[in-house]
Amino acid sequence: MLRRERNAAVQNNPDTTLVTTDAPITTATHGGRAKCLQRLARLALPVPTTVALSFNAVHHIASGHLPDIDAILRQFPQDALLCVRPSSEDPDWGGPSAILNIGMNDARYEILCGTLGPGSAAALFTRFVQSYAIHVDRLDPDMFDDITGEGPAALAEVLKAYEAETETPFPATRAEQLAGVLKSMARAWEGTSARLLRQAKGAPLDAGLGLVVQQMAFGVGQGESGSGVLQLVSSKTGMPQITGRYLRQSQGRDALARDADSLYISRDPRGASLEETVPDCFAQLVDHAKLMREKLREEMQVEFAIENGQLRILDGVRVSRSSRATVRIAVQLARDGIIPREEALMRIEPNALNELLHRQIDRHAKRELLGSGIAASPGAATGKLVFSANEAQASAARDEDCILVRRETSPEDIRGMHAAKAVITERGGITSHAAVIGRGIGLPCVVGVSDIRFQTRKGQLVTKDGRVIPAGEVVTVDGTNGTILLGATEMQEAALDDAFQDLMEWADAARDIDIRANADTPADAQTARNFAAQGIGLCRTEHMFFEAGRLTVMREMIFAESGDDRRAVLQRLLPMQRTDFIQLFEIMEGQPVCIRLFDPPLHEFLPTDRTGQSELADALDLPLSDVTRRIEAMMEYNPMLGLRGVRLGVTVPEIYEMQARAIFQAAVFASRDKAPVVPEIMIPLVSAKREVELVRTNVDAIAAAVTAETGVDFTYRLGVMVETPRAALRAGDIAQHCSFLSFGTNDLTQMTYGLSRDDAGRFMSDYVRQEVFVEDPFHSLDIDGVGELLKLGSERGRASRPDITLSICGEHGGNPESIAFCRDAGFDYVSCSPFRVPVARLAAAQLAISSQIAQQ
Ligand code: PEP
Ligand code: MG
């Protein structure tokens with residue numbers, strides 16, 4: 001009677017329960033492993049008897065209250081060896097190592113000597129004593145260092161060493177051993193280092209640990225015995241491929257640890273396989289794995305043992321996977337009707353798509369770190385170090401891959417950046433020039449590399465430990481993780497395959513906010529199109545003036561003495577700009593294209609070094625002293641807050657006039673036998689409504705002139721870039737004069753914090769480390785401060801003009817959290833770097849799906 005009651009207590013006890021098909025087990029109370037074992041039991045798979053201990057039970061054990069050990073043991077045959085394994089809510093949070101063969105003692109050893117032979121029996125016992133000593137008694141592993149040899153003699157020495165160290169004999173009973181194991185695992189979980197480690201992986205403060213006590217399937221013995229793992233797909237690509245290992249006469253995950261001695265799972269030209277040697281078990285295993293995939297709705301790695309010819313399933317864990325495999329696995333599960341498409345979309349972390357969009361360093365590649373900085377543009381590339389844009393172009397002409405090293409880049413470096421395979425800069429943050437251009441053209445980039453000295457004149461880098469890396473040395477830049485590595489490393493290619501395309505299509509069907517791209521050149525626009533952006537949200541026109549043949553004309557324009565002279569020079573730039581815009585309109589095929597009028601201070605276009613200035617003097621036929629004097633006169637103490645953006649539009653109106661004319665002529669041309677193009681013109685750096693009025697009057701006049709000249713009537717939309725705090729505060733007035741407001745959160749962040757976007761990289765990591773900022777606000781939108789301005793600005797803009805279009809075009813536009821904010825604030829679209837478009841499409845889809853779920 002008593003016995004039955006106690007068994008029943010184990011079976012129904014929510015804290016210590018036998019794993020049966022209907023036991024009260026959940027992931028939230030007993031952890032993922034316990035729940036998975038129950039699911040395997042429900043599938044009638046041959047799972048050994050298991051008792052699950054809840055988080056609660058383990059918490060009690062840690063505070064000194066053991067459960068009824070005898071009641072647990074009664075669930076198993078008297079002579080069965082046991083193992084205990086951790087079962088946390090999320091397997092990524094880790095847990096103590098599994099302990100196998102609990103119950104090994106002298107008597108059991110004697111029996112095993114008879115069945116397995118003294119060698120194998122002693123090896124098993126020795127391993128158990130060592131693992132018990134190290135993991136349960138927390139003895140120093142060194143204590144066994146002097147014991148060499150194997151077999152019974154080694155076992156005797158190990159037991160002696162144990163006794164000498166602990167001053168007690170090795171625990172003899174299964175109950176004592178099990179109690180010891182449970183206590184040590186429970187305490188290990190509550191220890192400080194384990195807690196910090198799992199919190200770093202996102203575990204909550206009170207994350208619990210469950211434990212499973214399982215009957216050992218003995219992979220050691222007579223007949224076919226062994227253990228191994230099997231999965232149906234490749235962890236690297238996610239493609240169907242039966243992989244794994246099987247090791248005869250082994251336990252646990254030995255087959256993976258002793259790879260050289262293991263058998264392949266399926267037929268393999270490299271050696272013997274389970275499929276050939278034990279075909280029955282192989283066939284059963286594959287069937288079980290398929291059933292698990294279908295019913296657990298996930299690709300699982302099956303942990304199994306063969307015990308005297310009998311297959312046992314010990315566990316199933318999610319197949320470990322690269323980002324590329326994550327996408328293919330989720331998509332294939334949805335294609336096979338195992339999970340809905342929405343769930344496939346929800347299973348992929350949007351930023352993981354970066355790994356598919358760019359070449360990456362192989363996860364398992366060896367890395368020799370030289371230094372690190374801010375991961376400004378994802379992807380990886382290898383090449384020889386060069387220290388100037390000219391050298392980068394010369395390398396490209398020789399067909400040699402190169403990495404461009406600069407203290408910081410300026411518009412003059414653009415052609416060098418195009419020629420290089422990656423860029424690293426000493427200074428700068430996530431919105432610095434190198435970072436923005438890098439992301440725009442898909443060029444890996446690391447900025448703010450503060451732990452390497454950039455000796456650019458000497459053409460060398462000096463690492464923290466004093467190593468000198470000269471020009472010409474081969475390095476690899478990992479823009480995804482922000483590291484610079486010595487030499488070439490193994491790479492994984494980008495994978496914009498059918499799985500990715502399907503996923504993107506499903507995302508588009510689910511999302512409810514538009515995604516545009518920031519694209520400055522036809523190449524950018526083509527990338528944006530390829531990634532199915534719904535238009536261009538920001539075309540930074542100034543980048544067009546750095547192209548060959550234009551810079552000198554631009555400089556001539558800057559040096560012009562009068563408005564008329566300036567107009568005359570601009571007349572030469574007009575056809576070039578018109579061609580730029582025609583190309584953009586044609587590539588975008590009727591999608592909206594938002595062109596921002598000229599933004600940077602003019603002196604950014606002037607040479608800063610002596611040689612450049614003499615060349616300019618020659619080109620303009622002016623004395624060098626005139627040129628240097630003019631350049632000096634144009635310099636500003638605070639160029640970011642100086643004569644730029646709309647301030648140029650007001651004070652040097654000829655530039656905007658030329659641009660407006662080029663835009664309208666291009667629109668007329670591009671509409672000639674197609675649906676009319678409706679260009680969007682955006683005014684940067686506005687802070688007062690009068691600025692908008694003045695520019696609007698001029699632009700309207702140009703539109704009327706182009707209509708008169710061409711005889712074609714057209715419409716256009718004028719918008720304002722909200723990137724000064726005042727423009728956000730006065731958005732109500734400003735909205736009266738325009739049809740859209742686009743928040744430029746790079747400058748808006750800079751001005752809200754009073755934090756230079758080009759210099760903040762130097763101390764940003766200190767600020768984040770000391771928790772002054774939760775994150776780099778140039779990278780992740782500061783919801784509390786800058787976000788408040790976005791909210792205010794959008795509310796005031798919309799109140800004053802209900803049909804106004806609202807959007808964001810700063811670098812935050814591609815960041816999933818910022819997209820969530822913009823969607824909640826009712827924005828019409830976000831615009832981001834072309835290569836961020838897929839990330840934004842997926843993030844937006846997930847937001848829409850989550851809100852649908854919340855409404856149900
Ligand atoms: C901005 O300021 O957010 C922006 C998009 O413009 P830029 O980065 O060109 O200053
Ligand atoms: Mg700006």
Side-chain angles (χ1 to χ4, degrees), residues 376-377 408-411 414 428-441 445 447 516-521 524 536-546 594-601 604-605 638-649 680-687 691 719-728 740-761 776-782 785-787 789-790 793-794 806-815 818 821-822 827 829-834 836 840:
S377 174
E408 62 196 331
T409 61
S410 71
I414 288 205
I430 202 84
T431 60
S432 63
H433 180 265
V436 172
I437 299 293
R439 283 195 295 277
I441 61 178
C445 177
V447 299
R516 292 199 196 177
N518 295 350
D520 308 332
T521 62
D524 292 349
I536 293 179
L538 170 65
C539 168
R540 295 174 163 104
T541 48
E542 57 273 10
H543 293 161
M544 297 165 163
F545 297 114
F546 283 99
C594 178
I595 298 165
R596 178 179 77 182
L597 299 174
F598 194 88
D599 183 43
E604 272 196 12
F605 290 80
N638 240 328
M640 276 301 200
L641 303 179
L643 183 54
R644 56 171 282 220
V646 70
R647 298 163 197 172
L648 279 170
E680 296 179 354
I681 298 181
M682 182 154 73
I683 315 172
L685 215 77
V686 166
S687 57
E691 290 168 328
V720 164
M721 206 164 164
V722 181
E723 49 184 349
T724 66
R726 193 174 191 283
F740 62 90
L741 296 177
S742 187
F743 289 85
T745 45
N746 302 335
D747 273 310
L748 191 57
T749 302
Q750 167 164 267
M751 294 195 209
T752 305
Y753 277 88
L755 184 67
S756 159
R757 56 197 266 197
D758 296 307
D759 300 308
D776 179 348
F778 290 109
H779 177 64
S780 184
L781 184 71
D782 159 45
V786 180
L789 282 172
L790 254 62
S794 54
L806 296 173
S807 63
I808 179 177
C809 63
E811 291 304 307
H812 302 93
N815 178 299
S818 315
F821 177 86
C822 294
F827 281 31
Y829 70 86
V830 299
S831 188
C832 55
S833 307
R836 294 289 292 174

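Remember, it's 1-based here, ligands and their atoms both numbered in the order they're listed.
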Which atoms of ligand 1 sit under 4.0 Å from any heavy atom of [X]?
X	value
R757	2 (O), 7 (P), 8 (O), 10 (O)
M721	1 (C), 4 (C), 5 (C), 6 (O)
T745	3 (O)
G810	3 (O), 5 (C)
L538	5 (C)

Protein heavy atom at shortest distance from atom 6 (O) of ligand 1:
R596 NH1, 3.0 Å
Of all the N, O or S atoms in E723, the one nearest to the Mg ion (ligand 2) is OE1
Which atom name does D747 have for its N/O/S atom nearest to the Mg ion (ligand 2)?
OD2
Ring centres under 6.0 Å, that's the criterion: do F605 and F598 meet it?
yes
E811, H433, R540: member with heavy atom nearest to atom 8 (O) of ligand 1:
R540
Kindly compute the distance separating [atom1] ([X]) from [atom2] ([Y]), expressed to the nearest 0.5 Å.
X	Y	atom1	atom2	value
T521	I437	OG1	CD1	9.0 Å
I808	S794	CD1	OG	10.5 Å
D782	T752	CG	OG1	8.0 Å
L597	L685	CG	CG	12.5 Å

Does the pair R644/D747 count as a salt bridge with the N-to-O cut at 4.0 Å?
yes
N/O of E723 under 3.5 Å from N/O of ligand 1, yes or no?
yes
Are the side chains of I595 and T541 in touch, meaning some heavy atoms are under 4.5 Å apart?
yes
